[in-house]
Amino acid sequence: MTVRFDIAQDLERILQVTAAELKPFDETFSAEIRQADPRFGDYQANGVLPFARSRNLNPRSLAETLTKALIESGRLEPEVAQVSVAGPGFLNFKLQPSFLFRWLETFQNREQLREAASRHYEGRKVVVDYSSPNAAKQMHVGHIRSTVIGETIKRMLSFYGARVIGDNHIGDWGTGFGKLILAIKAAGYDLEAERENPLADLEALYKKGNQMAEESPEALEQARQELVKLQNDDAENRSCWEAINRISRSGFQKIYRRLGVTFDHELGESFYRNRVERVYRELEETGVGRESEGAWVVFFPHHARFKEQPFIYRKSDGASNYASTDLATALYRSEAFEAEEIIYVTDARQRDYFEQLFLTLAAWFEKKSYKLPRLHHVWFGTILGNDRKPMKSRSGAPILLNDLLDEAVERAMRIVEEKNPHLTPGEKQDIAETVGVGAVRYADLMQNRTGDYVFSWNKLLSLEGNTAPYLLYAVARIKSIFRKMGVPEDTPLPHATPPETEAEIGLARKLTAFSYALDQALSDLKPHHLCTYLYELAGAFSTFYNADKVNVDEPGPRQRRLMLCQRTSLVLQTGLHLLGIRPLEKM
RNA sequence: GCACCCCUAGCUCAAUUGGAUAGAGCACCUGACUACGGAUCAGGAGGUUACAGGUUCGACUCCUGUGGGGUGUGCCA
């Protein structure tokens with residue numbers, strides 16, 4: 001058997017081929033390879049049971065037959081894996097040390113891993129729409145999930161060979177700007193002046209504008225006029241709007257830099273303001289949209305809910321809304337980017353909305369014979385405080401993302417000071433930033449995104465359990481071993497041999513499961529599967545580290561253990577990179 | 001009202017998409033080479049998976065109902 005990155009797929013293939021040649025089996029048989037409980041093996045095939053049931057055959061003897069045929073076919077050499085029948089009719093595969101070793105020898109660096117993994121999504125063109133803050137507002141906790149989950153999905157897809165386009169769909173257009181411009185003018189606020197935190201000023205002015213419009217009908221009317229002037233390209237309002245956007249984007253950029261988040265495009269809603277006319281026209285001419293109560297809407301007569309709950313894509317005053325620009329955006333991505341797939345990362349409250357958006361796009365594209373990209377709504381739950389209510393600051397305001405990260409870094413700094421006081425101030429600062437920001441980010445990613453979760457500083461930075469510091473610590477210890485032994489991390493190990501001790505084998509088995517973890521994380525776009533895996537890998541390393549000393553005199557154990565260190569470091573760092581966390585030399 | 005999501009150990013969360021004896025961390029208890037970095041490791045205890053039925057070789061997972069929590073539901077995004 002050739003050594004491939006994804007062992008499960010190889011096992012699936014040889015089992016499938018063997019069954020195809022074997023009497024009672026036919027094309028309805030599916031091997032169903034899954035990761036097994038480590039006590040039983042590395043992988044198991046579950047497919048015999050349902051097949052036997054459908055034919056009214058004895059699953060146990062059917063499994064025996066298949067196992068025998070597999071061994072006799074020579075497709076599974078005994079030095080690759082032991083196969084056995086267990087329980088009611090499971091096939092268990094236990095990878096052998098010699099094969100584990102061959103796998104470790106084959107994948108020596110990030111590029112080799114990436115190349116092997118990239119077969120999965122080879123060239124598929126995917127747009128990931130994430131983060132998407134609103135102009136003139138500071139980013140707060142509500143933006144963290146979309147930002148970090150989106151970034152990780154983007155990185156994972158790219159690792160799997162997709163051509164990924166990250167697009168930050170900034171809310172830079174809409175009715176709010178009239179009020180904001182009104183408030184800016186009323187306050188005489190100079191948008192060009194140097195300020196400490198101009199985005200915070202804009203946010204305050206925005207609130208002020210809202211308040212003014214609420215309190216007086218004249219102000220509301222003035223705000224409306226300002227908006228009309230902006231929409232008609234009035235020079236003054238236009239440059240005002242541009243300044244607002246410049247300030248907003250530079251404010252967002254500070255956070256993105258800190259989080260290592262980058263976008264290929266930041267086409268905000270304003271980019272589509274002249275592209276909605278086509279949406280209106282085509283939805284009307286295809287009969288997908290219709291007028292209702294003065295607005296333009298889409299109903300779905302066969303849908304339990306949406307036969308009565310409208311999808312409003314043009315307001316009764318003729319103006320566009322979120323839906324209009326999202327429709328135009330999807331069309332643009334399909335035509336200009338040739339997107340085969342679009343992934344939207346937003347909170348769970350928008351589920352209905354996206355279901356309607358997708359249904360509308362499907363109906364519209366079908367009528368026009370446009371190619372419809374695959375559409376995914378990657379939704380996530382709310383971050384809760386200790387009171388189990390959406391997380392807020394003491395005053396009730398949303399917690400600013402920057403403040404949250406600052407606090408994480410401060411707390412991490414206190415721990416670094418305590419644990420490692422001898423490091424230089426520069427090192428401490430660097431470690432605190434990585435540990436603090438990484439801990440916040442990891443705490444988010446390690447949760448199943450579909451649930452709400454309770455935010456807790458203790459859990460985050462207690463630095464025990466399934467946390468970023470635990471993973472970073474494992475990497476730092478490996479790097480420390482190489483430093484101590486005076487060899488570079490990529491030193492060649494020509495005399496390394498297959499793993500022998502229980503801890504060595506356990507670690508090697510875990511390493512080969514990397515591809516399975518990525519498959520899981522990508523199949524349902526849930527990064528927490530990758531986190532769980534990395535945590536278990538770091539755990540297997542710690543067990544190994546405590547059980548078997550690397551820096552020993554005998555060259556045999558020394559080299560084979562060094563190889564395990566190299567590969568653990570490689571997989572952990574690759575995984576951390578996919579999560580957007582930078583590894584540390586020391587901590 | 002209707003629709004959707006959720007309920008797993010004292011707490012915070014997993015569970016390979018219907019698979020084997022439901023797993024981790026925290027907290028609690030017992031241990032570890034004067035340390036290749038103890039921000040670690042080994043072990044113990046802790047469960048009627050909200051509840052009641054059903055489907056089948058097998059259910060935390062699927063179907064029905066009940067209770068509890070959350071979200072959405074015509075001009076915000």
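Chain naming here is simple, since letters A, B, ... match the order of the sequence lines and numbering starts at 1 in each.
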Would you write the dot-bracket representation of RNA chain B, where each base gets (, ), [, ], | or . depending on whether it forms a Watson-Crick or G-U pair under 3.5 Å and with which partner?
(((((((..((((.....[...)))).(((((.......))))).....(((((..]....))))))))))))....
In whole angstrom, give me the gap between the C1' atoms of G46(B) and C29(B).
11 Å
Can you tell me if the side-chain N/O atoms of His529(A) get under 4.0 Å from OP1 or OP2 in A14(B)?
no
Spell out yes or no: do the side chain of Ser292(A) and the base of G74(B) have one donor N/O and one acceptor N/O closer than 3.5 Å?
yes
Let me know the distance between CG of Asn448(A) and C1' of C13(B), rounded to the nearest Å.
10 Å
When every nucleotide of nucleotides 19-26 of chain B is labelled 5' to 3' by its protein contacts under 4.0 Å (heavy atoms), B for base, S for sugar-phosphate only, - for none, what sequence of letters results?
BB---SSS
Between Val297(A) and Ala323(A), name the one whose nearest nucleotide on RNA chain B is closer to the 5' end.
Val297(A)
When you measure from the side chain of Phe299(A), which nucleotide among C75(B), C13(B), G74(B) comes out closest?
G74(B)
Nearest-angstrom distance, C1' atom, C60(B) to U49(B):
5 Å
Of the listed G37(B), C13(B), C76(B), the closest approach to the Lys315(A) side chain comes from C76(B)
If we ignore hydrogens and angles and just use 3.5 Å, is the side chain of Ser248(A) paired with the main-chain N or O of Ala136(A) as donor and acceptor?
yes
Rounded to whole angstroms, how far apart are CZ on Arg477(A) and P on C36(B)?
11 Å
Cationic N near anionic O, under 4.0 Å, Asp172(A) to Arg249(A):
yes
Taking atom types as they are modelled, is there a donor-acceptor pair under 3.5 Å from the base of C41(B) to the side chain of Thr543(A)?
no
Please report, rounded to the nearest Å, how far the C1' atom of G68(B) is from the CZ atom of Arg388(A).
13 Å
Do the rings of Phe354(A) and Tyr344(A) sit parallel, tilted or perpendicular, given the 30° and 60° boundaries?
tilted
Provide, to the nearest angstrom, the distance between the CG atom belonging to Leu357(A) and the P atom belonging to A77(B).
14 Å
Comparing Ile481(A) with Ile312(A), nearest RNA chain B nucleotide closer to 5' gives the residue Ile481(A)
Donor-acceptor pair, Ser480(A) side chain versus Ala476(A) backbone, under 3.5 Å?
no
Give the nucleotide from the list A14(B), C4(B), U16(B) with an atom nearest to the side chain of Gln447(A).
A14(B)
Met485(A) CE to G37(B) C1': how many Å, rounded?
15 Å
Go through G74(B), C36(B), G37(B) for me and flag the one nearest to the Glu293(A) side chain.
G74(B)
Taking only Lys NZ, Arg NE, NH1 and NH2, and the carboxylate oxygens of Asp or Glu, determine whether Asp387(A) and Lys392(A) approach each other closer than 4.0 Å.
no
With under 30° as parallel and over 60° as perpendicular, where do the rings of Phe5(A) and Phe514(A) fit, or are they tilted in between?
perpendicular
In terms of ring plane angle, is the pair Phe300(A) and Phe306(A) parallel, tilted or perpendicular, where the classes change at 30° and 60°?
perpendicular
To the side chain of Thr532(A), which of A14(B), U40(B), G74(B) is closest?
A14(B)
Asp452(A) atom CG is separated from C13(B) atom P, nearest whole Å, by 9 Å
Pair Arg441(A) + Asp444(A): basic N to acidic O under 4.0 Å
no
Can Tyr545(A) be called stacked on C36(B) when the rule is centres closer than 5.5 Å and an angle between planes below 30°?
yes
Nucleotide nearest Gln350(A) (side chain, heavy atoms from C-beta), chosen from C4(B), C41(B), A77(B):
A77(B)
Is it the case that atom CZ in Arg483(A) sees more than 12 heavy atoms from other parts of the structure closer than 6.0 Å?
yes
Give a yes or no on whether the backbone of Met587(A) and the side-chain of Asn420(A) come within a donor-acceptor separation of less than 3.5 Å.
yes
Expressed as a whole number of angstroms, how long is the span from Tyr280(A):OH to C75(B):C1'?
12 Å
Ring of Trp173(A), cation from Arg275(A) - is the NZ or CZ under 6.0 Å from the centre and inside 45° of the axis?
no
Between P of U16(B) and CG of Asp42(A), the distance in whole Å
18 Å
Phosphate contact (C4(B) OP1 or OP2) by Arg349(A) side-chain N/O below 4.0 Å:
no
When you compare U55(B) with A3(B), how far apart are their C1' atoms, in angstrom units rounded to a whole number?
25 Å
